[in-house]
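Letters A, B, ... mirror the listed sequences (proteins, then strands); counts begin at 1. Note that the coordinates shown come from a computational prediction; the quantities given were computed from them, not determined experimentally.
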Protein chains: 2
Amino acid sequence: MLQHQPLDLAFHALSDPTRRRMVERLTLGPASVSDLAEPLPMSMSAVVQHLKVLQDAGLVTSEKVGRVRTCRVDTHALSAAERWIAERRLAMEGRLDRLGAFLDATKPETEPRE
Amino acid sequence: MLQHQPLDLAFHALSDPTRRRMVERLTLGPASVSDLAEPLPMSMSAVVQHLKVLQDAGLVTSEKVGRVRTCRVDTHALSAAERWIAERRLAMEGRLDRLGAFLDATKPETEPRE
DNA sequence: TTGATACTTAAGTGAATGCTTCAACATCAG
DNA sequence: CTGATGTTGAAGCATTCACTTAAGTATCAA
């Protein structure tokens with residue numbers, strides 16, 4: 001991926017189970033990099049790389065104080081991803097509603113109400 | 001990716017702009033492979049490969065009649081992805097609510113109502 | 001039957017991904 | 001200062017990705 005829209009980055013970041021676990025952990029509250037790494041069966045280095053993906057996607061923010069980096073969920077990118085899906089669902093439902101209305105109007109095999 | 005959970009496949013499929021365009025097109029109604037390929041700046045072959053990713057993720061179904069394959073959105077995987085995000089958002093909001101309540105209870109710098 | 005249409009499949013290529021290890025580096029406690 | 005802690009960075013490696021081209025296979029129309 002060399003030139004991405006925000007949604008590319010967000011969905012890509014969420015496509016990895018390790019990164020989803022990290023987000024799940026962070027929804028419970030802020031955590032250090034070590035906290036995030038502790039339950040994960042991989043090196044610190046790998047966790048930091050996953051964290052970078054999450055940050056580049058705008059799903060997570062972090063700030064370093066002393067030697068500890070504290071990470072938090074950033075809801076904006078998460079909401080954007082959710083919104084894209086919801087919009088598609090609404091587009092589909094709208095279409096299905098129109099189809100339903102069409103079928104109702106066209107083929108009233110039982111008497112239509114009113 | 002060699003051993004994936006459904007969400008891995010769904011988010012991965014959605015992380016590509018071409019595949020999102022295909023889903024967007026399909027939310028407007030069923031389409032053939034050629035219909036899907038027509039606006040896209042790549043070979044049919046590439047489109048078919050994208051379609052396979054969408055189908056493996058459970059986002060799209062298709063059936064072939066004659067020489068035409070007709071594709072449709074399958075809402076189940078889409079809903080699952082949406083649900084994962086919504087759950088994280090709710091988890092966060094719940095946490096923020098509790099934090100808010102805690103702050104209200106702990107530091108009533110203005111008089112609490114009641 | 002012949003040709004055009006609508007896909008399908010295989011093989012190949014360069015770039016990106018998900019790790020690893022090893023070597024830094026900057027706090028902070030004692 | 002000295003060591004332990006918490007993180008950061010670079011390099012390397014096997015795999016997966018997003019395409020391409022080229023060669024199929026059905027199906028339908030004439």
Side-chain angles (χ1 to χ4, degrees), chain A residues 1-26 29-72, chain B residues 1-26 29-72:
Chain A
M1 287 203 229
L2 189 48
Q3 181 198 186
H4 316 276
Q5 306 167 247
L7 282 178
D8 294 28
L9 297 170
F11 282 127
H12 168 67
L14 293 176
S15 73
D16 184 278
T18 298
R19 288 192 291 261
R20 283 201 308 279
R21 279 191 67 183
M22 291 169 71
V23 171
E24 285 168 3
R25 167 64 188 81
L26 290 175
S32 69
V33 178
S34 304
D35 289 341
L36 290 175
E38 190 270 324
L40 300 174
M42 64 186 67
S43 68
M44 266 291 275
S45 204
V47 173
V48 171
Q49 288 170 63
H50 280 302
L51 182 60
K52 180 162 180 3
V53 172
L54 289 168
Q55 293 201 108
D56 289 349
L59 290 163
V60 165
T61 60
S62 72
E63 55 172 348
K64 191 161 185 174
V65 37
R67 28 176 194 178
V68 177
R69 177 171 297 279
T70 301
C71 311
R72 296 160 206 282
Chain B
M1 288 203 229
L2 191 47
Q3 181 198 186
H4 315 276
Q5 305 167 249
L7 283 177
D8 294 27
L9 297 171
F11 283 127
H12 168 67
L14 293 176
S15 73
D16 184 278
T18 298
R19 286 192 292 262
R20 284 201 306 280
R21 278 191 69 183
M22 291 170 71
V23 171
E24 285 167 2
R25 168 63 188 81
L26 290 175
S32 68
V33 178
S34 304
D35 289 342
L36 290 175
E38 191 269 323
L40 300 174
M42 64 186 67
S43 68
M44 263 291 272
S45 202
V47 173
V48 171
Q49 288 169 62
H50 280 303
L51 182 59
K52 181 164 180 1
V53 173
L54 289 169
Q55 293 201 107
D56 289 349
L59 291 162
V60 166
T61 60
S62 72
E63 55 172 348
K64 191 161 185 175
V65 36
R67 31 179 191 175
V68 176
R69 178 172 295 280
T70 300
C71 310
R72 296 160 206 283

Looking only at heavy atoms, the pair that brings Q5(B) and P17(A) closest together is OE1-CB, 3.4 Å
When rounded to whole Å, the CG to C1' distance for the pair L51(A) and dG9(D) reads 14 Å
Any side-chain heavy atom of L59(A) within less than 4.5 Å of one from L14(A)?
yes
Separation of dC19(D) atom C1' from K52(B) atom NZ, nearest Å, is 16 Å
Taking five pairs at each terminus, the helix from dT1(C)-dA30(D) to dG30(C)-dC1(D) shows an axis bend, to 10°, of 20°
Counting primed atoms, P, OP1 and OP2 as sugar-phosphate and everything else as base, the B/S/- map of nucleotides 18-30 of chain C against protein heavy atoms under 4.0 Å is SBBB-----BS--
Rounded to whole Å, CD of E38(A) lies from P of dG6(D) at a distance of 12 Å
Rounded to whole Å, the CD-P distance (E63(B) to dT27(D)) equals 15 Å
Across all chains, not counting sequence neighbours, the salt bridge (charged side-chain N to carboxylate O under 4.0 Å, His left out) partners of K52(B) are D56(B)
From CG of L9(A) across to P of dA16(C) the rounded distance in Å is 13 Å
| request: Might you work through the side-chain contact (heavy atoms from CB on, under 4.5 Å) test for L36(B) and L26(B), ending with a clear yes or no? | output: CA-CA 8 Å; L36(B) 290 175; L26(B) 290 175; 3.9 Å; yes
When rounded to whole Å, the NZ to P distance for the pair K64(B) and dA26(D) reads 10 Å
### Task
Using a 4.5 Å cut-off on heavy atoms from C-beta on, say whether the side chain of R21(A) contacts that of P39(A).
yes
When rounded to whole Å, the CZ to C1' distance for the pair R21(B) and dA18(D) reads 16 Å
*So, do S45(A) and Q49(A) sit near enough that their side-chain heavy atoms are less than 4.5 Å apart?*
yes
message: Quick check: do E38(B) and R25(B) have side-chain heavy atoms less than 4.5 Å from each other?
response: no
Smallest heavy-atom separation, R19(B) atom then A13(B) atom, equals NE-O, 2.8 Å
